[in-house]
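Input: a single structure, listed below in structure tokens.
Per chain, numbering begins at 1; letters A, B, ... match sequence-line order.
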Amino acid sequence: MTKFKIAIVAGILAGGAAVAADVEPMNVAFDDYGAVAMSLTGAAGNVDEGIKIYSSRSLGNCVACHQVSSLPDVAFPGEVGPTLDGVADRWNEAELRGIVADAKKTYDGTVMPSFYKTSGYIRPGNAYTGKAAEEPLPPILSAQQIEDVVAFLMTLKEE
Amino acid sequence: MKLKALTAIVALMAAPAVMAGGADDDTLVINGEIEMVTKTAAAPHLDGALDEVISGWHFREDDTQVMQMDDFDNPGMIAVDFATDAWNTAEGTEGKSCADCHGTPEDSMTGVKAVYPKWNDEAGEVRTIGTQINACRTERMGAEPLKLNSGEIAAMEALISVQSRGMPVNVAIDGPAAETWEKGKEIYYTRFGQLELSCANCHEQNYGNYIRADHLSQGQINAFPAYRLKDAGLVTAQNRFRGCVRDTRAETFDLGSPEFIALELYVASRGNGLSVEGPSVRN
């Protein structure tokens, strides 16, 4: 773990995007409640990118299950998960990062998919082709995409 | 633990009106005469899972619902006409048609759809209508089996289903079928694919909710085969299963595989008590 930290700090100091220092999916440090304190990339998330990832079917597709009032342009938000209005009042950044990376660490048995996980699946497929795929699979979202979505979620405050 | 429990409660309170969509209260009568049971108490084997079983018809928009209420508006009925011709057409080395062994569909097929999939003693396996049709073709007609995802087989299943419309689904889950049924149940609750979703995650835990633009039903198959407006064609239950499994980013099973036969038996049994509706209309 410390090696990653040093790499990330070095990346920040150098002002770079620190791509090389991305925490790999199997190395993400979840605490006992499912929170992830450390940024997965060391770089700040981009809110606009986060909105895109959140809303598009081919990326996070979070809208399939969640509703956010500040995104009225998103047609047909789903109802499978709770509304995310004010979600940043309920959770801090580390907790939100943990939920997006692997929600099952926060909520046992939740239907919410794990977005930063590469193995341990039953009959893993190659995206939506229905064909078999070998693990490790690419995670559904990249480290930076997780950070972008978290940055967007952090803007969802009501208080 | 404290944090986990607390936040779970907050999440619950923050949830939008659960079951906002729900099932509607419309009544399904076909051609103004065949009354359908579209909601009824769940069979005892669903204890703890569902109290009430509900036809997928209740989760569709009014304009789609109406198309199923009159055979002239139901595009699935065209397939029934097509299959009636096939029923009377001799094929294969034996020079026989379905009619040569079974007479008219009205005479011989009434009640069949209601009890399928069903254990076949001679073959020592559970058969779906599709695999039974193919067994007749290969064993009695000397004809090639039909592809299980073909329009021909869906149409023949529709012709057979129509003879039982309005009769209650009554699939046997005990005796020699029990082992296959258990296997189907296990598949129903397995969280497949990279999205790690089981049939139950969507159709038991979340029916009535929207998942994006789709209004989740209980995933019942009493109304199959179904004419899907989106595909402009009739699809069988296993066709639908394949699409749902694919949507979990999983490797699907083949139509006619032991897994899908077991799953079809299990899912059919979840609809025990609902009326046979096929061919239905879906978006």
Side-chain angles (χ1 to χ4, degrees), chain A residues 31-35 57 61-67 69 74-87 89-91 95 99 102-115 117-133 135 137-140 158, chain B residues 1-22 186-187 189-216 239 241-255 257 259:
Chain A
D31 73 12
D32 290 350
Y33 306 108
R57 190 180 281 267
N61 200 18
C62 314
V63 286
C65 295
H66 294 286
Q67 178 262 344
S69 303
V74 175
F76 305 116
E79 314 173 305
V80 168
T83 173
L84 298 182
D85 288 345
V87 78
D89 302 324
R90 298 192 285 279
W91 304 96
E95 290 162 342
I99 292 173
D102 188 351
K104 291 166 188 88
K105 297 274 200 308
T106 300
Y107 304 96
D108 285 339
T110 184
V111 301
M112 178 162 156
S114 305
F115 288 92
K117 189 176 132 172
T118 55
S119 59
Y121 298 115
I122 301 171
R123 291 181 78 83
N126 179 357
Y128 293 104
T129 62
K131 303 227 163 65
E135 292 182 348
L137 307 176
I140 299 173
E158 287 178 324
Chain B
M1 215 47 238
K2 204 178 98 224
L3 181 68
K4 248 190 188 177
L6 197 73
T7 48
I9 291 166
V10 173
L12 262 183
M13 294 193 313
V18 191
M19 306 284 289
E186 193 188 315
I187 292 171
Y189 287 98
T190 300
R191 301 185 65 165
F192 291 113
Q194 194 171 16
L195 298 185
E196 297 176 282
L197 293 170
S198 68
C199 313
N201 285 148
C202 287
H203 294 297
E204 183 173 296
Q205 273 174 263
N206 277 297
Y207 71 85
N209 285 330
Y210 279 86
I211 185 161
R212 198 68 204 261
D214 288 319
H215 194 190
L216 282 168
N239 242 313
F241 297 169
R242 188 170 58 181
C244 284
V245 175
R246 185 195 54 217
D247 287 348
T248 69
R249 288 176 169 254
E251 177 190 2
T252 55
F253 298 96
D254 290 332
L255 272 61
S257 62
E259 290 86 358

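Pairing each heavy atom of B:Arg191 with each of A:Lys104, the nearest pair is NH2-CE, 3.7 Å. Taking all atoms of both residues into account, the shortest heavy-atom contact from A:Val111 to B:Leu197 is O-CD2, 3.4 Å. Taking both residues in full, the closest heavy atoms of A:Ile140 and B:Arg249 are given as CG2-NH2, 4.2 Å, listed atom of the first, atom of the second, then distance. Across all non-hydrogen atoms, the minimal contact from A:Ser114 to B:Glu196 is OG-OE1, 3.7 Å. The minimum heavy-atom distance linking A:Tyr121 with B:Gly193 is given by the pair CD2-O, 3.4 Å.
One N or O on the side chain of A:Glu79 and one on the backbone of B:Tyr210 form a donor-acceptor pair closer than 3.5 Å. A donor-acceptor pair under 3.5 Å is absent between the side-chain atoms of B:Arg242 and the main chain of A:Gly130, judged by distance alone.
Residues that satisfy the side-chain hydrogen bond (donor to acceptor under 3.5 Å, both in side chains) test with B:Glu204, not counting sequence neighbours, are B:Tyr189, B:Arg270. Not a single salt bridge (Lys or Arg N to Asp or Glu O under 4.0 Å) links B:Asp247 to another residue, sequence neighbours left out.
For chain B, no part of A:Ser119 is nearby; none of its heavy atoms comes within less than 4.5 Å. For A:Asn126, no part sits under 4.5 Å from any heavy atom of chain B, backbone or side chain. Heavy-atom distances place the side chain of B:Thr190, and not its backbone, under 4.5 Å from chain A.
The shortest distance between side-chain heavy atoms of B:Arg212 and A:Asn61 falls below 4.5 Å. The shortest side-chain heavy-atom distance between A:Tyr128 and B:Leu195 falls under the 4.5 Å cut-off.
The 12-atom threshold is exceeded at CD of B:Gln205, counting heavy atoms of other residues, nucleotides or ligands nearer than 6.0 Å.
Of the listed residues A:Val74, A:Ile122, A:Leu84, A:Leu137, the one with more heavy-atom pairs under 4.5 angstrom with chain B than any other is A:Ile122.
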